[in-house]
Amino acid sequence: MGKFIVKRLLLCVVIFFFAMFLIYTLIYNLPSSYVETTARELAAATSKMGGKTYQEWLEQLNADYGMNKGLVAGYFTWLGKALQGKFGDSWKWNMPCTEKFSKVIWNSFILGLISFIFEIIIAIPLGVIAARKQYSITDYTVTVISLVGISLPTFFIATVFKLIFAIRLKWFDIGGMHSRNFIASTATGWENFLDLAKHFFLPALTLIFLSIGGLMRYTRTNMLEVLNADYIRTARAKGLSESKVIGLHAFRNTLIPVVTLLGGTLPGLFSGAMITETLFSIEGIGYVSYQSMVGGDIPFTMFYLSLMSVLTLLGNLIADVLYAVVDPRVRVN
Amino acid sequence: MADNNNINLLNEKLKAKEAAERAKNQTGTDEPMKLDDAARVKVLSPARLVAKRFFRNKLAMVGLVILIILFAFSFLGSLVYPYSQFQKFTGTNKQDREYAVSGEPSSVYKYVIDGSDVSGGKDFVDSFIIEMEKNGDGTTSQVFSLGTEKYRLTKIYENLYTLSKTAGYAGKIDHLTGTIAEGTFDDEVAAELINTWNSRAKGDKDAVITIGGIEYMLVYGSKSSGTKIYSDYPEDQIKEGLLATSLVFDKASPDAPDISDDFRISALNALAGERQFTFEGKDYKIVNESGEELIEDAAGNVQFGISKYATRDELGQDTFDIDFKKTMVGIIDKIEAEGLREYNFTYNVPQLNPETREYEYDEDGNIVLQEEDLTVKRKEVAGEIRYHVQYLKNTEVYSLYEKPSWNHWLGTDGDGYDVLARIMYGGRISLIVGFVVVILETILGVIMGGIAGFFGGWVDTLIMRLVDIFYCIPTMPIMIIIASVFDKLKMAPYQRLLWMMGVLGVLGWSGIARLVRGQILSLREQEFMTAAEATGLKTGRRIFKHLVPNVMPQLIVSMTMGLGSVILMESTLSYLGLGVKHPYATWGNIINSVSDIEAMKSYVYIWLPVGLLISLAVIAFNFVGDGLRDAFDPKMKR
């Protein structure tokens with residue numbers, strides 16, 4: 001087992017190395033006019049506030065990213081710094097990338113966690129029910145809802161929610177983290193929590209709405225597979241009650257792939273929901289990196305892309321390891 | 001021979017059986033079919049089996065119907081639909097149009113009489129007039145000193161003044177000789193002037209003395225320049241130097257030629273005097289008609305008008321005929337007398353071509369007149385009173401954000417385009433983008449996956465690691481970066497569209513490669529592949545003719561599902577303004593054009609249908625994909 005994990009980890013490192021090389025190549029080959037224009041705009045925008053000059057920005061980029069060296073040498077310069085956690089100063093936020101990250105990541109994490117929990121609570125039971133009553137109306141409804149859920153564009157469903165809940169019913173604000181009349185200095189912790197909860201409701205609703213479909217289908221498929229297995233027939237044959245058959249024998253076996261899948265999505269809680277956060281102006285990692293990418297903030301973009309790659313790899317790794325751990329039938333080779 | 005016999009025997013037996021069956025059918029005695037009767041089993045080809053299973057799936061059929069409708073709507077709809085995607089719609093809108101502005105001129109007109117010198121006083125005429133009128137005691141003549149010069153303003157008629165220079169330079173005393181160096185003076189006057197000059201004290205700058213009722217002014221100067229003498233002019237030497245008036249000359253008709261200043265001077269002089277004059281050999285006389293002074297030639301034709309108020313069009317041009325100006329004078333007098341703020345009247349307004357700014361003529365060469373309701377509004381701005389003549393005019397404007405109507409079922413958008421037409425053409429691009437990207441992905445994926453699966457070993461490892469690498473690169477952020485680079489480079493929309501499809505295809509092949517490789521790994525061990533190898537087929541043929549077709553079911557399913565997700569990706573990018581750009585319409589960028597909060601609130605009829613269409617298309621692709629998966633592999637219910 002340990003050998004397997006070490007092997008997978010090493011493979012992840014290799015993949016990370018090459019994936020980042022590909023991304024670095026992309027950034028490295030950005031038209032120089034693009035980098036220079038962005039740096040100039042940045043210098044023009046910040047010069048009055050005592051910011052860096054155009055030359056300083058470029059020098060800093062070259063120092064941190066080795067843009068003035070050859071592609072390979074530059075990549076190793078960047079990698080060397082990145083492995084030490086030095087991702088340089090963000091152009092857009094004017095602070096180290098890691099500092100900005102630590103400032104906003106918890107917003108993303110909380111949003112992700114809320115929708116993750118609700119997704120599990122809603123999707124898994126529905127999936128199980130649908131599988132138990134295959135080809136019934138319930139099954140069709142669940143199938144349709146899950147297909148619709150994975151089909152709807154985020155921006156559309158977010159806009160519809162905004163129109164209904166924020167504009168027509170006026171229950172929530174259209175976007176942002178706090179109400180207009182919220183004063184952070186005088187608010188108690190409870191008020192702060194309530195205000196945040198109010199603003200996290202719609203984004204969380206959007207995320208839940210969009211994510212339950214996939215999990216529901218996955219649960220249903222696996223439950224169906226388990227229900228068709230011989231040992232379920234055996235369980236029924238020996239006269240177990242239906243609730244025991246489903247709850248003890250079938251569901252626990254269904255959980256194996258489901259837990260594996262969920263484990264794989266855990267690192268995703270740190271990657272933020274770019275579109276949803278942007279649409280609702282939630283200052284999470286997704287929103288911040290969207291702004292950075294659109295604004296040509298190369299350091300933060302590189303940081304975000306490395307983060308995403310690490311999280312994806314980590315997700316796969318966890319899924320694989322969990323699969324081996326949870327299901328004793330899987331023999332690792 | 002024996003065989004033939006047998007066959008004949010068999011045929012006869014069959015015929016007999018058929019005849020018996022026919023007889024049975026005719027008599028109607030229906031004997032139940034036996035359980036093991038071969039006719040019970042209907043053998044279908046695998047393809048037909050799949051089709052049958054597919055068509056039985058309700059959800060898949062719903063998806064298929066939606067897709068057919070969407071395709072027909074996008075690709076055939078434009079054949080039936082009357083509007084194109086780039087057709088801008090205009091509508092007429094009643095708007096207040098400024099027809100004319102009247103008012104007293106903000107400064108007086110000055111006509112300098114030839115050969116006179118009033119250059120010093122000319123610029124101050126306005127202030128002289130104001131000063132004299134302010135007295136309010138009916139003075140008609142007043143002398144104003146302007147340094148060493150004097151000017152006399154005389155009112156010769158209502159709003160008509162003459163300005164004459166009454167004092168000025170008369171001579172000079174030379175400091176060296178102590179005598180009059182320039183100018184001619186009577187002896188006593190000269191002596192008195194020299195006396196005054198001699199008795200000047202140090203620091204004196206000037207002295208004023210009056211000799212015989214005439215004022216003299218000495219301005220002491222340096223040795224080289226001498227002392228200058230200024231004096232009043234004798235009354236007989238004073239000439240009218242300038243005519244100043246706030247009266248306005250109106251052309252009798254817009255086409256009349258401009259008038260020379262000399263003519264104006266003659267006319268103004270005549271106005272104050274005998275009301276008739278001769279200019280360049282022609283006789284003119286001035287007639288007053290309801291407030292407007294009309295200059296008529298000998299034949300009685302009105303040549304020009306003189307009035308208190310200038311009436312000009314919105315560009316400040318004198319394009320009105322004399323009748324309208326006369327009417328305006330009457331109206332303004334009425335407004336002032338009754339203290340009105342607004343006055344309505346109707347008038348036959350000549351129709352002006354809005355583009356050429358020329359009058360429109362009918363066949364007979366007459367100006368086209370149309371009776372319009374005109375409104376005069378009195379407005380006072382910075383102490384100046386202006387009378388604005390306005391009328392409601394049907395003006396052609398782009399119909400922006402028009403509400404849904406019978407002409408435009410979904411209204412018009414912010415460019416005046418018909419939303420339904422945009423959605424149709426947008427659907428085309430969205431669907432085409434989906435297909436192109438998916439086909440690109442599939443080609444790449446099949447090639448890479450096919451090679452990896454077939455060769456195995458280090459090739460497989462290498463390609464699969466490449467797949468892992470691509471799998472780990474996040475598509476959306478990369479697309480956003482590339483799009484923002486395109487933005488900065490200001491790439492042309494069409495080029496950008498091609499690039500976007502290319503990049504999406506290159507980023508998306510890893511999933512398909514994995515799928516193809518997995519299938520081929522198991523397929524290549526099967527007997528038919530051994531057979532293919534034994535027949536000595538080339539590797540490429542074995543992969544793409546024998547292995548890949550067997551992966552087709554899974555490929556078709558993943559392509560169908562992929563279509564949905566590419567459309568989703570494209571519309572999200574376009575919604576963020578990073579995908580396909582204006583003027584090309586796609587479903588995403590139609591929503592993007594109304595994405596801010598105000599627009600979102602007001603133009604639900606634009607974004608809601610488009611959003612529903614995107615959702616419907618993706619849902620339909622997923623339904624069909626799901627149905628196909630079930631149909632291809634009934635065991636694998638997903």
Side-chain angles (χ1 to χ4, degrees), chain A residues 11-12 14-19 21-23 26-27 30-31 33-34 37-38 134 140 143-144 147-148 150-157 159-160 162-163 166-167 174-175 217-218 220-221 224-225 228 271 274-275 278-279 289-290 293-296 298 301 304-305 308-313 316, chain B residues 58-59 62-63 465-466 468-474 476-489 561 564-565 567-569 571-572 575-578 587-588 591-592 594-595 597 600-601 604 607-608 610-612 614-623 625-626 635-638:
Chain A
L11 192 61
C12 280
V14 173
I15 293 172
F16 175 76
F17 179 83
F18 283 106
F21 182 66
L22 225 65
I23 292 171
L26 174 80
I27 301 281
L30 285 180
S33 63
Y34 169 74
T37 319
T38 316
Q134 204 187 0
Y140 269 110
T143 310
V144 169
L147 277 174
V148 167
I150 58 172
S151 304
L152 285 181
T154 316
F155 61 88
F156 179 61
I157 198 70
T159 315
V160 170
K162 278 188 198 177
L163 184 76
I167 292 172
I174 278 179
R217 275 163 69 77
Y218 194 74
R220 174 180 174 270
T221 311
L224 275 180
E225 233 161 63
N228 288 333
S271 66
M274 190 189 295
I275 308 295
T278 307
L279 287 173
S289 40
Y290 174 75
M293 284 186 280
V294 172
I298 293 173
T301 305
Y304 179 65
L305 289 175
M308 291 292 281
S309 307
V310 169
L311 291 177
T312 315
L313 286 171
N316 287 349
Chain B
K58 282 175 208 148
L59 282 184
V62 170
R465 290 299 83 78
L466 196 63
D468 282 339
I469 290 167
F470 268 87
Y471 190 75
C472 144
I473 292 175
M476 196 70 183
I478 295 283
M479 285 312 295
I480 292 175
I481 296 167
I482 290 176
S484 74
V485 174
F486 289 170
D487 271 354
K488 285 257 159 73
L489 295 180
M561 301 292 230
S565 62
I567 289 175
L568 215 54
M569 172 75 83
S571 64
T572 307
Y575 171 79
L576 294 172
L578 298 167
W587 286 339
I591 298 196
N592 170 50
V594 288
S595 62
I597 292 159
M600 183 188 110
K601 252 195 280 190
V604 178
W607 64 260
L608 195 66
V610 187
L612 284 176
I614 300 173
S615 315
L616 267 185
V618 182
I619 290 170
F621 277 123
N622 280 337
F623 276 2
D626 208 44
K635 278 178 295 177
M636 203 174 74
K637 285 272 176 222
R638 270 179 196 267

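Quick caveat, the model's predicted, so the values are computed rather than measured. Reminder, nothing fancy here: chain letters follow the sequence lines and each chain counts from 1.
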Of the backbone (N, CA, C, O) and the side chain (C-beta and beyond), which part of [X] lies under 4.5 Å from a heavy atom of chain A, both, or neither?
X	answer
B/Val604	side chain
B/Phe621	neither
B/Leu576	both
B/Met479	neither
B/Ile591	side chain

Could you look at [X] and say if it's the side chain, the backbone, both or neither that has a heavy atom under 4.5 Å from chain B?
X	value
A/Val160	both
A/Tyr304	side chain
A/Thr159	both
A/Leu26	side chain
A/Ile15	both
A/Ile150	both
A/Leu313	side chain
A/Ile174	side chain
A/Leu22	side chain
A/Leu11	side chain

**OP:** Just do the side-chain contact (heavy atoms from CB on, under 4.5 Å) check on B/Thr572 and A/Thr154 with the steps written out, would you?
**Re:** CA-CA 8 Å; B/Thr572 307; A/Thr154 316; 5.7 Å; no
Considering only heavy atoms from C-beta outward, does the side chain of [X] approach that of [Y] to under 4.5 Å?
X	Y	value
B/Ser615	A/Pro153	yes
B/Tyr471	A/Asn316	yes
B/Asn592	A/Phe155	no
A/Val148	B/Asn622	no

So how far is it from [X] [atom1] to [Y] [atom2], rounded to the nearest 0.5 Å?
X	Y	atom1	atom2	value
B/Ile480	A/Ile275	CD1	CD1	5.5 Å
A/Leu311	B/Cys472	CG	SG	10.0 Å
B/Ile614	A/Ser151	CD1	OG	12.0 Å

**OP:** Could you check which of B/Met569, B/Met600, B/Met476, B/Lys58 has the highest count of heavy-atom pairs closer than 4.5 Å to chain A?
**Re:** B/Met600
Original post:
If you count heavy-atom pairs under 4.5 Å between each of B/Leu466, B/Asp487, B/Leu608 and chain A, which one has the most?
Top reply: B/Leu608
**OP:** In sequence, state the C-alpha distance, the side-chain angles, and the governing distance for B/Tyr575 and A/Leu279, and then conclude on side-chain contact (heavy atoms from CB on, under 4.5 Å).
**Re:** CA-CA 11 Å; B/Tyr575 171 79; A/Leu279 287 173; 3.5 Å; yes
Original post:
Stepwise, does the side-chain contact (heavy atoms from CB on, under 4.5 Å) test hold for A/Leu163 with B/Trp607?
Top reply: CA-CA 11 Å; A/Leu163 184 76; B/Trp607 64 260; 3.8 Å; yes
Original post:
Can you name the closest pair of heavy atoms from A/Met293 and B/Ser484 and give their distance?
Top reply: O-OG, 3.2 Å
Original post:
Of the non-hydrogen atoms in B/Leu612 and A/Phe156, which two are nearest, and what is the gap between them?
Top reply: N-CZ, 3.6 Å
**OP:** Test B/Asp468 against A/Phe18 for side-chain contact (heavy atoms from CB on, under 4.5 Å), laying out the working first.
**Re:** CA-CA 10 Å; B/Asp468 282 339; A/Phe18 283 106; over 6 Å; no
Subject >> Whether A/Ser309 side chain and B/Ile473 backbone form a donor-acceptor pair below 3.5 Å >> reply: no
**OP:** Could you have a look at A/Thr312, A/Leu152, A/Leu147 and say which one has the most heavy-atom pairs with chain B under 4.5 angstrom?
**Re:** A/Leu147
